[in-house]
Each structure stands twice: as C-alpha cells, then as structure tokens.
**Student:** 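Have a look at this one before I ask anything.
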2 protein chains.
Amino acid sequence: MYASGMSLSHALLGLLAVEPRSGYELTKAFSAELGRYAWQAGHTSIYPELGKLAERGLVEITDEGARGSRTYAVTPDGYAELRDWMLTPRPPKVRNEQVLRMFLISALDPADGLAVLRRIAEYTEVEGAELRRLMQDAPSEIPAGPDGFGYLAAEYGIRQYEAVHGWARWAIEKLEARADAEPA
Amino acid sequence: MYASGMSLSHALLGLLAVEPRSGYELTKAFSAELGRYAWQAGHTSIYPELGKLAERGLVEITDEGARGSRTYAVTPDGYAELRDWMLTPRPPKVRNEQVLRMFLISALDPADGLAVLRRIAEYTEVEGAELRRLMQDAPSEIPAGPDGFGYLAAEYGIRQYEAVHGWARWAIEKLEARADAEPA
DNA sequence: TAATTCATGTAAATCGTTACATGATTAT
DNA sequence: ATAATCATGTAACGATTTACATGAATTA
C-alpha cells in the first residue's frame, strides 16, 4: 500500500501519537530537532498530508480553536499503521547533504578538504556543547509523555555530534600526515 | 542559481572529480557506501542529470566505450561549482527514515519501543563489526586517488554505528528503568 | 496602530521513484 | 544457447519546494 517516499505521513502519525497537535504545531516540531536530524518538512507539505491522512481515517480532528486552528489526533487505525511501520524493517533510505560533503572531501584538493574538515570539527563542537548544556538541566530519567521525545532526540544529537567531531579530527590528522609525506 | 534540492548534481560532480566514470559506474557508487550513509540515487535520475550537467558545461564526455558506454569527467567549471558548494555553508537538509524511527520511539508503548531499540542495537553492532573488519586490512594512511574516498567513508560508518549503538543501549537502559518504576 | 506571531491554504515547478523498455557483451 | 551482467534510456506518477496568498489575534 505504501510507496517508499512516504515517510512524512509516518512522521506526522508519530508526532500525533505522542500528543495531538495542529498543523501549525507540527510544523514547528519539524523545524526543531526532528527536522534537524531526522526529517524535514514545511507547512506546505504538512497541511495537504494531514488532509490525506484524515481522508484515510488515520487521523481525526478533535478540536477547533481560534484563528481556524484544528487539532488532529491519531485514530486506532493510525496507530496500527505507525506501529507496523516502526516494527517492520525496511531498506534504509538516506539523503543528507552534510554527510555528502564529508564523503566528497577527497574530491577536493587537500587544502580545500582541510578547510571543510576544520569547519565540520568546529561546528560539531559548538553544537554538541550547546546540546550537552541543555541536557544537564534535564531529569535523569526519560520523562513520561510528550517530553520523552525531546529527551531521546537530544541525547542522540549529542552522540551524533561527538562521533562526527571525532571523525573530523581523525580525518584532519590523516590528511595533514599525507600533506607532510607528499609535499606539493 | 542552484535551488536547494539539487544535491544529486553535486554528488555526481564530486564522484567525477575523484575519477571520470560512466553513468553505470556512478550508479554502482550510489549503491555502495555513498548511498548507504550520504545520498541515494538510482540510474533513472543519474542519466538525465548527467545530460543536464553536460548541457551546462560542468561535465563532458571524455570517452565512449563498448555497449554505448560514455565516460564523463568534470570540466574546470564543474570543479569550481563543486568547490563552491563544498566550501559555502548552507542550512543542512536531512531525510533519514532510520533516524526518524529512532525519534518516534517514544510514540510507541514501551514494549514496542524496546523492541525497536533492541533491533537497532543489534544491527548497528553487526554492521559496525563488519566495517571494522574491512578497515583492519586497509592501510594506515589515506590512499591517494580514488581509494581515499572509501577510506574516509568507512571510518565515518564505523564511528556512526558505534554512536548509534551506544545511544540505543543508553535508551534501552532508560526505558527499562522507567518500566520498572511504573509497572503497567 | 503597527508589527509580529498565529494559522491555514493553493499553484507551478522541480525532483525522485517505479515501472517499462531495449540491446550488447560476457560467462556458463 | 542461456543467463547474467553491462549499459542506457523514457514515461507516469508521486513527493517536495518555492512562490504566492489570506486573514485573525496578540504584543509593543
């Protein structure tokens, strides 16, 4: 039933399964951690997709508030669809510009490659430190309800930045060693 | 000039900057590490994109071989475009189903969430071990030329798997602690 | 009252995937 | 001979982005 480009629908089902929200609030979620590490989407794809999910009975409008806002929640069918997608392994599909740049570093001449690596090492350090600072004030257990989401995500981000930072430093060392060995 | 969904063109420029190749060989590169961690693409998008890059003078055909195969190489303009893309920071765009699943774990009930996490912990261990085994036979310096590419990529993959594995084990512990604290 | 934020939408263009299609060369 | 691999392409459909558009409620 599902073609494979359709993860937006599952992202929406997942967010709504955590907590009912409006299209506007969903849009904000995508511009936070979710969009940063996992899946990005703008309101122009979110609103039509909510309509399709509602047509298929996977979400429903549970509340209408000020300024025409509509709160959506997952239906039992929607939760079943989400659960199936989460538990069924599928061949992973990836599209990450940042990682693409890392892979293409060896296509540049060494000086340019080093410049790119140094920038990566720097921003991963800055961003990682910021996330770590945020997590210090957080509780030591996964919060129940909606906040558990951000908790898992933040820790993922920290470890992600640390890994990329370590890799960049490793690559810089390797590249510098090669530059020393074969001088231009 | 460039709209932002256009990283395929830069992936192609990068691969061709490392080494001239045919569309068929480029397609194979995308089904290896590149497609696994950074950017996936099939031959049906690669061939038309090569045509467009050639029209714009960023790549050129340098050889035609058996079975109608055409070898492409980057032109100086193409290298300039690649360099600019590599060195100019842009807001990152991410789309990764695997990571999306990780983020949505707290949307499932704890038993399902644990099942997903355990699968993640397992496959990251298996895949990481396999890559590490491959890297043991590799030289201790970045190989010059085309092989440098795979070297950087493999090390990236190893660190990536380790990071996700560590995160999954951390999350499993946290979830189990919560399950103990608030029994159903 | 002016600016900002909240809140939703449509249309055109671009991009990507799936399905379909063809034929040459090499290995068994 | 047959199967597998090499090598390229097109067309239809689906997904995504960019640009355009509107208006209500809140804050300064």
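Each chain gets a letter, A, B and so on, in the order its sequence line appears, and its residues count up from 1.
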**Student:** Is it the case that the side chains of A/Thr27 and A/His43 hold a donor-acceptor pair, with the cut-off being a distance below 3.5 Å and no angle test?
**Tutor:**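 No, A/Thr27 and A/His43 have no side-chain donor paired with an acceptor closer than 3.5 Å.
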**Student:** What is the separation between atom CD on A/Glu97 and atom P on C/dG16, rounded to the nearest whole Å?
**Tutor:**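 Roughly 10 Å, once rounded to whole Å.
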**Student:** What's the closest nucleotide to the side chain of B/Lys93 if the choices are C/dT17, D/dT17, D/dT16?
**Tutor:**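 Looking only at side-chain atoms, B/Lys93 lies closest to D/dT17.
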**Student:** How close or far is atom C1' of D/dT17 from atom CZ of B/Arg90, stated in whole angstroms?
**Tutor:**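 Nearest whole value for this atom pair: 16 Å.
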**Student:** Once you round it to whole Å, what is the distance between P of C/dT14 and CG of B/Leu8?
**Tutor:**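 Between P of C/dT14 and CG of B/Leu8: 16 Å.
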**Student:** Above 12 or not: heavy atoms from other molecules or residues under 6.0 Å from CZ of A/Arg132?
**Tutor:**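 Enclosed: over 12 neighbouring heavy atoms sit under 6.0 Å from CZ of A/Arg132.
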**Student:** Quick one: what's the B/S/- string for nucleotides 4-13 of chain C, heavy-atom cutoff under 4.0 Å, read 5' to 3'?
**Tutor:** --BBBBB---
**Student:** Side-chain N or O of A/Gln40 versus OP1/OP2 of D/dT16: is the shortest distance under 4.0 Å?
**Tutor:**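 For D/dT16, neither OP1 nor OP2 has a side-chain N or O of A/Gln40 closer than 4.0 Å.
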**Student:** Keeping A/Arg118 on the side-chain end and A/Arg169 on the backbone end, is there a donor-acceptor pair under 3.5 Å?
**Tutor:**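 Pair absent, no side-chain N/O of A/Arg118 close to backbone of A/Arg169.
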**Student:** Say whether A/Glu97 and B/Ser7, considering side chains only, have a donor N or O and an acceptor N or O under 3.5 Å apart.
**Tutor:**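 Yes, because at least one side-chain N or O of A/Glu97 sits under 3.5 Å from a partner of the opposite role on B/Ser7.
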**Student:** So that I know where these two stand, are B/Trp170 and A/Tyr151 an aromatic pair - ring centroids less than 6.0 Å apart?
**Tutor:**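 Yes, ring centres under 6.0 Å apart.
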**Student:** CD of B/Glu64 versus C1' of D/dA7: gap in Å, rounded?
**Tutor:**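 The answer, rounded to whole Å, is 13 Å.
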**Student:** When you check the side-chain N and O atoms of A/Tyr79 and B/Asp109, is any donor under 3.5 Å from an acceptor?
**Tutor:**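 Per modelled atom types, A/Tyr79 and B/Asp109 side chains form a pair under 3.5 Å.
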